[in-house]
*Asks:* 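Here you go, one structure.
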Amino acid sequence: SGSEVAIPIFSGDEVAAVLNVEKNEPGGFDHGQVITLETLADGIGVVLRNAELYQALETTNAKLVELDRMKSELVNIVAHDFRAPLAGVLGHAEILEWRPDAPREERIEEARSIIHAATHMASLVDKTLETTRLESGRMPFDFAVFDLAALTRDVVGRAVADPAHPLDLEMADDEPLPSWGDRDRIAEVLDNLISNAVKYSPDGGAIRVAVRREGDSAAVRVTDRGIGIDPADFGRLFRAFSRVRTLRNAAVQGSGLGLYICDRIIRAHGGALDVESASGEGSVFSFALPLFGAEAQTRGPVILVAAGDERTRREVRRAAEEQGYA
């Protein structure tokens, strides 16, 4: 009969693997052989730990590079995107100062231009601050039950009428879609998606907003027939301060924050913002929210796993899923 010895390999304080050694000769392993194998196991553990630390360092460096990029983009927005509306405010204000006796209609037009430019700057400020709150975890969410169908109807109903971009709403008649989420934040997402659909359809065309029940979720799709997006650029769509710039959308004003904020809001609701598009063929942005009701409540309870390291989260999640939890 042979012999076998199993020696744990530690990575930090955790057992990462087991060194299992077998030999055909009887008599077991002597003390010197065991010491040698334990030393080997310790060496393997050091290598594994170093690999984990190196991976963690690479992840941290990648995050630092991304933060540096966001900082640079923020400076670019403040320096570039704020300059145009600020110049508009100053220019129209100077005209009012130079021509105080101008006809009333001209003064009203100049004042409207100032309001428009200042509103654009205020929107940039709001989105920049909202992004900062999202990144720092200080964005408040007020979750409750609301009717997604009614909310979508309200958002579409209050949109500014534009003959070049008629809004078509598709939903089942009088079918409530009770959803669990932050009503105001979801309204913000809908407003932004509809606004984007209009902005990126310079040649006009209907904007279709569809809401329907899909299993135990309520799904929303916003479809346009605008300039579209090259699939190669999808990865940049939901990054903060990142815009997909082409010759056709160069004149469209934007901070590169809208879709990033929308995606973060939907992710806070347990979903993700999806896109289907092709250059020159329009775009479809969609998301889904869990329905609140008997059908949704038949699912297993949902557990939020919060732990400092990925391995613990993975193991707790595996054990919870084996017990029927989501």
Side-chain angles (χ1 to χ4, degrees), residues 6-20 41 44-67 70 131 133-146 148 177-183 185-186 189 213-220 234-235 237-240 259-275 285-326:
I7 299 175
I9 297 175
F10 287 90
S11 177
D13 296 328
E14 298 182 353
V15 176
V18 175
L19 175 61
N20 197 81
I44 296 173
V46 170
V47 172
L48 292 176
R49 183 59 176 166
N50 286 343
E52 289 180 353
L53 292 174
Y54 181 77
Q55 184 177 15
L57 181 61
E58 281 192 323
T59 302
T60 301
N61 286 339
K63 290 181 179 179
L64 289 174
V65 170
E66 179 66 10
L67 288 173
M70 290 178 62
T131 300
R133 296 189 187 104
L134 282 168
E135 286 296 324
S136 62
R138 296 198 303 270
M139 173 65 73
F141 285 93
D142 184 13
F143 281 76
V145 179
F146 70 96
L148 181 59
L177 295 174
S179 303
W180 178 253
D182 186 320
R183 188 181 192 279
R185 298 296 178 198
I186 297 302
V189 172
R213 179 188 296 265
E214 293 184 357
D216 58 1
S217 298
V220 179
F234 285 1
L237 283 177
F238 306 126
R239 292 171 58 188
L259 287 178
Y260 167 79
I261 292 173
C262 290
D263 184 56
R264 291 298 296 268
I265 289 174
I266 297 302
R267 287 184 182 278
H269 287 73
L273 195 59
D274 294 321
V275 58
F285 286 88
S286 60
F287 64 88
L289 297 180
L291 284 172
F292 187 88
E295 184 177 2
Q297 292 176 10
T298 60
R299 294 176 298 178
V302 178
I303 294 179
L304 172 64
V305 181
D309 64 282
E310 182 180 355
R311 177 178 296 169
T312 300
R313 293 194 299 270
R314 184 172 60 248
E315 289 302 314
V316 173
R317 175 173 177 169
R318 179 187 59 78
E321 289 177 343
E322 287 179 353
Q323 297 298 319
Y325 294 99

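Each residue takes its place number in the sequence, starting with 1.
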*Asks:* Could you give me the CA-CA distance, side-chain angles and deciding distance for W180 and L291, then say whether side chain to side chain contact (heavy atoms under 4.5 Å, CB included) is met?
*Replies:* CA-CA 7 Å; W180 178 253; L291 284 172; over 6 Å; no
*Asks:* State, to 0.1 Å, how close A41 and I7 come at their nearest heavy-atom pair, and which atoms those are.
*Replies:* CB-CG2, 3.7 Å
*Asks:* Can you name the salt bridge (Lys or Arg N to Asp or Glu O under 4.0 Å) partners of R317, sequence neighbours left out?
*Replies:* E321
*Asks:* Can you measure from CD (E52) to CG (L57) and round to the nearest 0.5 angstrom?
*Replies:* 13.5 Å
*Asks:* For the CZ atom of R264 and the CZ atom of R267, what is their distance to the nearest 0.5 Å?
*Replies:* 8.5 Å
*Asks:* Who are the salt bridge (Lys or Arg N to Asp or Glu O under 4.0 Å) partners of E322, not counting sequence neighbours?
*Replies:* R318
*Asks:* Decide yes or no on side chain to side chain contact (heavy atoms under 4.5 Å, CB included) for I9 and V18, but give the supporting numbers first.
*Replies:* CA-CA 5 Å; I9 297 175; V18 175; over 6 Å; no
*Asks:* Is any side-chain heavy atom of P178 less than 4.5 Å from a side-chain heavy atom of F146?
*Replies:*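 No, their side chains stay 4.5 Å or more apart.
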*Asks:* Counting N and O atoms only, with roles assigned by atom type, does the side chain of T312 sit under 3.5 Å from a partner on the main chain of E310, one being a donor and the other an acceptor?
*Replies:* no
*Asks:* Output the distance between atom CG (D263) and atom CD1 (I261), rounded to the nearest 0.5 Å.
*Replies:*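 Those atoms lie 11.0 Å apart.
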*Asks:* Tell me, do F292 and D216 make a side-chain contact under 4.5 Å, heavy atoms counted?
*Replies:* no
*Asks:* Please check: side-chain N/O of H269 versus main-chain N/O of F143, any donor-acceptor pairing under 3.5 Å?
*Replies:* no
*Asks:* Is the side chain of D182 donor-acceptor paired with the backbone N or O of D142 at a distance under 3.5 Å, no angle test?
*Replies:* yes
*Asks:* F287 vs D274, test: side chain to side chain contact (heavy atoms under 4.5 Å, CB included). Steps then yes/no.
*Replies:* CA-CA 6 Å; F287 64 88; D274 294 321; over 6 Å; no
*Asks:* Which heavy-atom pair separates C262 from L273 by the least distance, and what is that distance?
*Replies:* CB-CD2, 3.9 Å
*Asks:* Measuring from atom CZ of R313 to atom CG of L304, what distance do you get when rounded to the nearest 0.5 angstrom?
*Replies:*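 Rounded to the nearest 0.5 Å, the CZ-CG separation comes to 10.5 Å.
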*Asks:* Rounded to the nearest 0.5 Å, what separates atom CG in L289 from atom CD1 in I186?
*Replies:*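 It is 4.5 Å, given to the nearest 0.5 Å.
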*Asks:* Rounded to the nearest 0.5 Å, how far apart are CD1 of I266 and CZ of R185?
*Replies:* 12.0 Å
*Asks:* Which heavy atom of A16 sits nearest to which heavy atom of L48, and what is that distance?
*Replies:* CB-CD1, 4.1 Å
*Asks:* Would you find more than 12 non-hydrogen atoms of other residues, nucleotides or ligands less than 6.0 Å from E315 atom CD?
*Replies:*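 Yes - once you tally the heavy atoms of other residues, nucleotides and ligands closer than 6.0 Å, there are more than 12.
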